[in-house]
Amino acid sequence: EAKIEVDAFKERSFTGHIKRLAPSFSENTRSAAVEIEIENKEHLLKPGMFCKIKIIIQKKESAVTVPFTALINLKGIIGIYLVDKPNSTVKFVLVETGIRNTTRIEVISPEIEGEVVTLGQHLLSDGAKIMIDNLVMPDNKEQEPTR
């Protein structure tokens with residue numbers, strides 16, 4: 001299913017379905033040619049109109065996610081730094097990732113618990129000592145992975 005927003009009709013959205021998908025995908029641009037069939041009974045949509053299309057490729061009801069900025073690439077190894085509060089240190093943990101959007105990424109494994117470092121990871125190493133500031137999020141919850 002695709003949600004279509006047309007500049008000419010800002011107050012309205014249209015629904016369509018993927019009819020055809022090109023057999024090739026450009027990894028550089030993360031794009032592929034797609035034909036979407038849209039019901040247009042009112043004949044509002046015309047050729048050449050500019051639009052924005054949102055396509056949900058995959059959806060999960062429940063997933064553990066971290067901010068995309070939490071990921072760090074150490075010589076081709078993808079992981080995150082978990083905070084060890086009692087020892088005031090961090091631990092580098094290899095992660096297998098899944099679905100992502102523009103701001104968050106799913107962590108498939110291992111199971112993540114606790115706080116994740118999201119800024120300044122390039123200054124850290126496994127077991128590094130850190131200073132912990134009791135950051136409170138706007139909704140008065142401590143920062144932790146989302147489930």
Side-chain angles (χ1 to χ4, degrees), residues 1-40 45 49-147:
E1 189 170 283
K3 181 181 176 187
I4 297 96
E5 296 174 356
V6 181
D7 291 345
F9 303 105
K10 293 187 187 299
E11 72 287 345
R12 187 169 175 180
S13 65
F14 300 86
T15 302
H17 293 85
I18 294 175
K19 188 75 173 179
R20 282 187 269 268
L21 179 61
S24 62
F25 178 80
S26 171
E27 289 186 29
N28 293 340
T29 62
R30 298 183 64 190
S31 63
V34 175
E35 284 186 23
I36 298 173
E37 188 174 78
I38 306 166
E39 195 170 293
N40 191 20
L45 302 175
M49 288 180 134
F50 287 97
C51 66
K52 294 176 189 169
I53 301 172
K54 296 179 183 176
I55 300 172
I56 298 174
I57 297 172
Q58 189 176 18
K59 185 177 180 178
K60 287 189 178 176
E61 292 300 319
S62 177
V64 174
T65 65
V66 296
F68 194 74
T69 57
L71 287 182
I72 188 160
N73 184 337
L74 296 177
K75 298 179 184 175
I77 299 170
I78 305 296
I80 58 175
Y81 282 107
L82 290 178
V83 176
D84 178 358
K85 275 190 171 181
N87 296 315
S88 296
T89 60
V90 292
K91 180 179 181 182
F92 182 74
V93 178
L94 299 172
V95 293
E96 179 185 353
T97 59
I99 301 172
R100 66 182 72 195
N101 65 19
T102 55
T103 60
R104 301 191 70 81
I105 188 162
E106 175 189 18
V107 175
I108 296 172
S109 69
E111 193 169 312
I112 302 294
E113 289 189 23
E115 295 178 354
V116 176
V117 177
T118 60
L119 184 64
Q121 303 91 311
H122 64 286
L123 301 172
L124 298 175
S125 59
D126 193 36
K129 285 280 191 189
I130 58 170
M131 286 184 7
I132 299 173
D133 185 11
N134 289 330
L135 175 66
V136 176
M137 299 304 289
D139 61 358
N140 294 327
K141 293 182 182 177
E142 286 190 29
Q143 189 173 8
E144 60 181 274
T146 303
R147 287 198 183 263

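We number each residue from 1, following the sequence as shown.
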What I'd like to find out is whether the side chain of [X] reaches to under 4.5 Å of the side chain of [Y], using heavy atoms alone.
X: V83; Y: V117; value: yes
X: I36; Y: I55; value: yes
X: I80; Y: I112; value: yes

[atom2] on [Y] to [atom1] on [X], rounded to 0.5 Å:
X: E37; Y: R20; atom1: CD; atom2: CZ; answer: 9.0 Å
X: L21; Y: E35; atom1: CG; atom2: CD; answer: 10.0 Å
X: I38; Y: L45; atom1: CD1; atom2: CG; answer: 5.5 Å
X: I108; Y: K60; atom1: CD1; atom2: NZ; answer: 5.0 Å
X: T69; Y: I72; atom1: OG1; atom2: CD1; answer: 11.0 Å
X: Y81; Y: L124; atom1: OH; atom2: CG; answer: 5.5 Å

Do other residues, nucleotides or ligands put more than 12 heavy atoms under 6.0 Å from [X] [atom1]?
X: F68; atom1: CZ; result: no
X: K54; atom1: NZ; result: no
X: L123; atom1: CG; result: yes

Take V116 and L82 through the side-chain contact (heavy atoms from CB on, under 4.5 Å) test and state the conclusion after the steps.
CA-CA 5 Å; V116 176; L82 290 178; 3.7 Å; yes

Can a donor-acceptor pair be found, under 3.5 Å and without considering hydrogens, that links the side chain of Q121 to the backbone of N73? no

Scanning both residues in full, the closest heavy-atom pair of I53 with A2 reads CG2-CB, 3.9 Å

- Shortest non-hydrogen contact from A32 toward S24: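 Heavy atoms only, the tightest pair is CB-O, 3.5 Å.
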
Would you be so kind as to tabulate the donor-acceptor pairs closer than 3.5 Å made by side chains of residues 87-100, with sequence neighbours excluded?
from: N87; atom 1: ND2; to: D84; atom 2: OD2; distance (Å): 2.7
from: E96; atom 1: OE1; to: S109; atom 2: OG; distance (Å): 3.3

Here the side chain to side chain donor-acceptor pair (under 3.5 Å) pairs for residues 4-19, sequence neighbours left out, are R12-E42

